[in-house]
Amino acid sequence: MPELNLKHVQAVLEVINRGPYFRHLSMPVKDIGMGYSIVELDIGNQHLNPFGGLHGGVYASAIDTAAYWAVYCELDEDVGLISLDLKVDYLAPVSAGKLIVKGRSIKIGKTICLAEATAFDQNNKWLAHGISKMMVTQGLQTIKDALHFTGAEDLPPKFI
């Protein structure tokens with residue numbers, strides 16, 4: 001089995017964190033690797049619902065993101081992914097501090113992938129959990145599309 005190129009991983013992190021939605025939510029992807037990802041978010045006023053708690057859409061966005069990037073490194077170089085389904089269970093409220101979301105791939109198939117992500121606070125308290133089903137695509141939502149959209153240069157090869 002080929003080895004994941006860490007230069008590719010670092011370049012991907014730089015490219016995807018330029019994306020407008022991740023910047024809008026101040027939600028960088030901190031790490032990705034074979035079967036895992038980490039997304040972090042410093043909860044700010046812009047993330048809160050009218051009642052002063054973290055908006056469920058922020059949880060869902062962070063969980064969707066962590067699940068997606070947990071699968072990325074296990075896929076062939078030129079394929080993409082599209083989220084088909086996202087189920088989120090909200091376990092505890094939070095209104096300040098850091099949200100840490102850990103993604104983990106469950107099953108990588110030829111056409112369908114399954115991953116989960118769990119959101120914690122800085123004290124390791126479980127806040128939310130989600131499962132995402134994704135479709136593997138040919139020529140749609142690939143890393144090359146992200147490069148084009150963000151104006152980034154070509155990446156080093158994914159595997160060495």
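Hydrogens, waters and symmetry mates are skipped; everything else that's a heavy atom, side chains included, is used.
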Anything under 3.5 Å between a donor and an acceptor, one on a side chain of residues 58-68, the other on a protein residue two or more places apart or in another chain? List them.
from : atom 1 : to  : atom 2 : distance (Å)
Y59  : OH     : A92 : O      : 2.9
S61  : OG     : Y21 : OH     : 2.7
S61  : OG     : G57 : O      : 3.0
D64  : OD1    : S83 : OG     : 2.9
T65  : OG1    : S61 : O      : 2.8

Nearest-0.5 Å distance that lies between atom CG in L81 and atom NZ in K133: 14.0 Å
Non-hydrogen side-chain atoms of F149 and P20 separated by less than 4.5 Å: yes
Just verifying a value: how many Å separate L41 CG and S26 OG, rounded to the nearest 0.5 Å? 7.0 Å
Return the CD to NE2 distance between Q46 and H24, rounded to the nearest 0.5 Å. 8.0 Å
List, by chain and number, the other hydrophobic cluster members for L91, where Ile, Leu, Val, Met, Phe, Trp and Tyr join if side-chain heavy atoms come within less than 4.5 Å, directly or indirectly. F120, W126
According to a 4.5 Å side-chain heavy-atom criterion applied to Ile, Leu, Val, Met, Phe, Trp and Tyr, with indirect links allowed, do L48 and L127 form part of one hydrophobic cluster? yes
Partners passing side chain to side chain contact (heavy atoms under 4.5 Å, CB included) against L4 (at least two apart in sequence or in another chain): V9, M34, C73, K158, F159
Closest non-hydrogen atom pair, P28 against N17: CA-OD1, 3.2 Å
Are the side chains of H47 and L25 in touch, meaning some heavy atoms are under 4.5 Å apart? yes
With a 4.5 Å heavy-atom cut-off, do V79 and Q138 have their side chains touching? yes
Within-4.5 Å side-chain heavy-atom neighbours: L54 and N49: no
Quick check against the 3.5 Å criterion: does D76 have a side-chain atom that pairs as donor or acceptor with the backbone of D78? no
Give a yes or no on whether K7 atom NZ has more than 12 heavy-atom contacts from other residues, nucleotides or ligands under 6.0 Å away. no
Rounded to the nearest 0.5 Å, what's the gap from NZ on K107 to CD on E74? Could you check? 10.5 Å
Any carboxylate oxygen within less than 4.0 angstrom of a Lys/Arg side-chain nitrogen, looking at K87 and D85? no
What is the minimum heavy-atom distance between L99 and A119, and which atoms define it? CD1-CB, 3.8 Å
Share the residues that join I38 in a hydrophobic cluster, the rule being Ile, Leu, Val, Met, Phe, Trp or Tyr side chains under 4.5 Å apart at the heavy-atom level. I100
Listed once per pair and sorted, the side-chain hydrogen bond (donor to acceptor under 3.5 Å, both in side chains) pairs that draw on residues 109-123, sequence neighbours left out: R104-E116, E116-H129
D145: partners by salt bridge (charged side-chain N to carboxylate O under 4.0 Å, His left out), with sequence neighbours left out: none
Is there a continuous path of hydrophobic side-chain contacts, each under 4.5 Å between heavy atoms, that joins V101 to L13? yes
Could you grab the distance from atom CD1 of I143 to atom CD1 of I16, nearest 0.5 Å is fine? 6.5 Å
With clusters defined by side-chain heavy atoms of hydrophobic residues (ILVMFWY) lying less than 4.5 Å apart, directly or transitively, does Y90 cluster with I43? yes
With side-chain contact (heavy atoms from CB on, under 4.5 Å) as the test, pick out the partner of C113 among I106, L84, V71. V71
Are M135 and W69 joined in one hydrophobic group, where the rule is that I, L, V, M, F, W and Y side chains link up if heavy atoms are under 4.5 Å apart? no
Do I112 and V136 have side chains that approach each other closer than 4.5 Å (heavy atoms only, starting at C-beta)? no
On a heavy-atom basis, which atom in P156 and which in N5 lie closest, and how many Å separate them? CB-ND2, 3.9 Å
Taking all heavy atoms of E153 and all of L147, pick out the closest pair and write down the distance. O-CD2, 3.2 Å
